[in-house]
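What follows is a set of notes on a single structure, which appears directly below.
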Amino acid sequence: VQLQASGGGSVEAGGSLRLSCATSGFAFDTYSIGWFRQAPGKEREGVACFSSAIGMTFYADSVKGRFTISVDNAKKTVYLQMNSLKPVDTAVYYCASGLVLLTDAHECTTASGMDYWGKGTLVTVSS
């Protein structure tokens, strides 16, 4: 199983970035998959998840309305479109997947059932 995140970088507040996570080695369209982040000195938190089994997306309150998760089953890739970025969004962003039925945002936030993790990509938002 491999997950490879890319697309991070430095941007000014209010700007946008799109992260990509290319995957292989598992049944992409049956696994739940999500984006998580960890800022310096803080715990990891779930940002956005897609529950494949029920076709639903979940977001952390802090990113609702600004971030959008999407998947391309043909490419086995998950994206995170990040708009209206804020300095507090600065973190290393990871993609992860697991054979789990996510049913609410809390399960996404806590990375419930996420067994496979890729290396992160750094997002830096300056004020």
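Note that the numbering runs from 1 along the sequence shown for the chain.
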CG on Leu101 to OG on Ser51, rounded to 0.5 Å: 5.0 Å
Pairwise side-chain contact, Met82 with Trp35, heavy-atom cut-off 4.5 Å (strictly under): no
Main-chain N/O of Gly65 paired to Tyr59 side chain as donor or acceptor, under 3.5 Å: no
Shared hydrophobic cluster for Val11 and Leu80 (ILVMFWY, side-chain gaps under 4.5 Å): yes
Approximate separation, where rounding is to 0.5 Å, of Thr121 OG1 and Tyr93 OH: 10.5 Å
Over 12 foreign heavy atoms within 6.0 Å of CD, Glu12: no
Where Leu17 and Gly7 come nearest, the two heavy atoms and their spacing: CD2-O, 4.0 Å
Hydrophobic cluster identity match, Ile33 and Leu99, side-chain contacts under 4.5 Å: yes
Point-to-point distance, once rounded to the nearest 0.5 Å, from CZ of Phe26 to CD of Gln2: 10.5 Å
Flag, side chain of Thr90 to backbone of Val125, donor-acceptor distance under 3.5 Å: yes
Where Tyr94 and Lys119 come nearest, the two heavy atoms and their spacing: CD2-C, 3.9 Å
Side-chain (Thr23) to main-chain (Lys76) donor-acceptor, under 3.5 angstrom: yes
Interatomic spacing from CG in Asp72 to CG in Asp29 - rounded to 0.5 Å: 11.5 Å
Contact summary for Arg66 and Ser84, nearest pair of heavy atoms: NH1-O, 2.9 Å
Note, Arg37 side chain near Val63 side chain (heavy atom, < 4.5 Å): yes
Flag side-chain contact, heavy atom, 4.5 Å: Met114 against Ser32: yes
Nearest-0.5 Å distance, OG1 of residue Thr77 to CD of residue Gln4: 11.0 Å
Donor-acceptor contact present, side-chain Ser112 to main-chain Glu107, <3.5 Å: no
Disulfide (SG to SG under 2.5 Å) partners of residues 4-80, not counting sequence neighbours, each pair once: Cys21-Cys95, Cys49-Cys108
Considering all heavy atoms, the nearest Leu102-Phe58 contact: O-CE1, 3.6 Å
Residues Lys86, Asp89; criterion salt bridge (charged side-chain N to carboxylate O under 4.0 Å, His left out); working and verdict: CA-CA 5 Å; Lys86 305 174 181 180; Asp89 296 318; over 6 Å; no
Shared hydrophobic cluster for Leu3 and Phe50 (ILVMFWY, side-chain gaps under 4.5 Å): yes
CE-CG distance between Met56 and Asp104, expressed to the nearest 0.5 angstrom: 9.5 Å
Non-hydrogen atoms of Pro87 and Ser126 that approach each other most closely: CG-C, 4.4 Å
For the student: nearest non-hydrogen atoms of Gly34 and Ile69, plus distance: CA-CD1, 4.1 Å
Under 3.5 Å: donor-acceptor pair, side chain of Ser52, backbone of Tyr31: yes
Result of checking Val47, Asn83, Leu19 against Phe67 for side chain to side chain contact (heavy atoms under 4.5 Å, CB included): Val47
ILVMFWY cluster, Leu85 and Val92 together (side-chain gap under 4.5 Å): no
